[in-house]
Every structure is written in C-alpha cells, then in structure tokens.
Amino acid sequence: MCSKKLIAASAATLMLFGVSQARAADLFEEPAMPDLSVVMSLYGGGAILDSEDGQFDAKGYMLFGGDARVAGESWQAEIVGGVIGDTDTNSSEEGSNYFALAGHWMSRGPDSTIGIFGGFTGNGHQDSNDTSYHGFGGLEYAGFNGNSTFFGQIGGIAAIGGETTSTWESGVFGRGGWRYFFTENSKVEIDGMVGWGYFDSSDDGVTGAWGVEYENQFSYPFSAFVSYRGHYVEDSTNCCNDFPDAMSHAFLVGLRIDVNRMTLLARDRTGAGTFNIPDFHRAVSWP
C-alpha cells in the first residue's frame, strides 16, 4: 500500500512539474535550461495472463504506471513505477507493484551514444505481503542512421534483500530494439529482452519481454502513445521441454510531456529518449 501511495504521489508531482515547465517554455522564447531534457509518462491499460498451473489465469486485469527521465549531456536519472491488478483466480489479493531507480552515464556523439547504467528495484508480490529488492547494471549503445535508431543493452541483475526464493534471484540479460521516425514527431519502437538466471537457490530458468509502441507528438510538449507489451517467465531446469509458467499480454495507452526538446527525434538523439532501463517489471514481480 505504501508503494502505491508513493507511486501516485510521484506521478502527481511529476505531472505538476511538467505543466510548470511547459508554461515556462511559453513565457520565454528560449528555455531557461536548454541542455536539460525532461520526459514524463503516465499510462493505463489492461492485460491477460496465462500460466501453466492455471492459478494465474486471470481473464483480465488492470495496469497503471509511469516514469520520468531527466538527462544532461553525459548523464540521465530515471524513476519508474507501476501497479499490477489482481491476477490470482483463487483469491482477492491486492495485486503487485514495482518501483525502480536508475542512472545512466553516457558519451554522446553525432552518430552514436555509448554508456553504462545501474540501479535497483523494489517489488511487492502478487498473492503475498512479501517484498524483494534487486540491483542491476550493464552497458548500453545506440546507433543513429537517418530516421532509424538501433539500441542495445547487456547486463546482470541480482537480489539484494527481501523475500527472493520465488522470484528472479540472479541472472544476466540482453536487450535490443529499433526506433523508426516517420516524421520528427511520429515514431514506432520495437524492442525485446531475454534473461537467464536462478529463480531460487537451485532452479534456473528464462524470462523475456517484448513489445511495440507508436508515439505521436500532437502539440508540444504533449505526445500520446499506444503500446503492446508481452512478458514470459519460466523457472525450471529444462526450459525447452516445459510450457511457460506465466505469459502476459498487456495493451496500454498513455501521455508524455517533453521539456526542452521540441521534437521526438531531438529527444532521441540528444535528450532523455536515447535510453531507458529494461522492462524487469513482471520478471521480478511475479511469485
């Protein structure tokens, strides 16, 4: 419950900050801090879930969340939060929640950007009052080629506290993606992540996330987006012969506020849109 209040308060604060910055941009011909890029998102939607044993075969459940990224020339700070509704068909639990903080340190160039990233997550688990905490980090790269941006990340994640015997305890991951800009203010993004690791002290397994998003800036500083996100989690020693323990399909709509970057393309190449952290949400939140 505290995590939900914190997420709600953070989202409200970020929205108020974005509105104040947008008004400031209207008052002054040039922004007061032109090198600083700020992007804030809020989303909502629904999802369906299928699991091998049927316990988490919810016909539909709600998702809410948001994120904020602040970037300078060589750094970026990021905060992410989300709430997953009840997915257990055998109970009436409150659902699960997710919270992450991360930092990126980057070297930008006209044709590419390279960096390192690190952070931690806090997770409240479905059908339980337990929480777990994970640290993660890795390397990242983005290459720019005309209207296309190609990006990738590799790294590791490990539990650092809480109840972790039924979630992703430690492992490695890789992520890749592509953004294509139809215009400076209209883009599509496709990405995928795969991870391998231990879900308790003895059993290894795989997890994955994939998705597609379309975004359009309809009136600066506001843009709208629609997206599909898929997630897969399996914790068995033989991933290739068993059915997945859980797979979800989420459909989301949302709103973004972009401060100090007039176009989506400028945000991607020089602002807080070059990188974001991988989608660990379901991998560490599902029990």
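Only this structure's heavy atoms are used, side chains among them; waters, hydrogens and symmetry mates stay out.
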Should R267 and S223 count as side-chain neighbours, where that means a heavy-atom distance under 4.5 Å? yes

Is any side-chain heavy atom of E78 closer than 4.5 Å to one of V39? no

Going by heavy atoms in the side chains, are K187 and N147 under 4.5 Å from each other? no

Membership question, hydrophobic clusters at under 4.5 Å side-chain separation (ILVMFWY): are F181 and M262 in the same one? no

Can you find a pair of side-chain heavy atoms, one from W210 and one from V194, that are under 4.5 Å apart? no

Indicate if F150 and Y180 have the same hydrophobic cluster label, given that clusters are the connected sets of ILVMFWY residues with side-chain heavy-atom separations under 4.5 angstrom. yes

Just so I know, are the side chains of T207 and F173 near enough to count as touching, which here means a heavy-atom distance under 4.5 Å? no

SB check R256 D67 (cutoff 4.0 Å): no

Are the side chains of T113 and F144 in contact, using a 4.5 Å heavy-atom criterion? yes

Please determine which of R179, Q153, R175 meets the side-chain hydrogen bond (donor to acceptor under 3.5 Å, both in side chains) test together with D191. R175

Audit row: T263, Y220, side-chain hydrogen bond (donor to acceptor under 3.5 Å, both in side chains) steps and yes/no: CA-CA 8 Å; T263 68; Y220 177 81; over 6 Å; no

Check A250 against L63 and note the closest heavy-atom contact, atom names and distance. CB-CD1, 3.4 Å

Please tell me if the side chains of V38 and N260 come closer than 4.5 Å, counting only heavy atoms from C-beta onward. no

All heavy atoms of A209 vs all of R229, minimum pair found to be CB-NH2, 4.1 Å

For the residue pair F136 and L101, what are the closest heavy atoms and their distance? CZ-O, 4.1 Å

Can you give me the closest heavy-atom contact between I277 and A102, atom names plus distance? CG2-CB, 3.4 Å

Just by distance, no angles: are the side chains of S37 and R69 close enough, under 3.5 Å, to form a donor-acceptor pair? no

Taking the side chain as C-beta and beyond, is there a heavy-atom pair between N123 and Y133 under 4.5 Å? no

If you compare all heavy atoms of F225 against all heavy atoms of Y43, which two are closest, and at what distance to 0.1 Å? CZ-CB, 4.0 Å

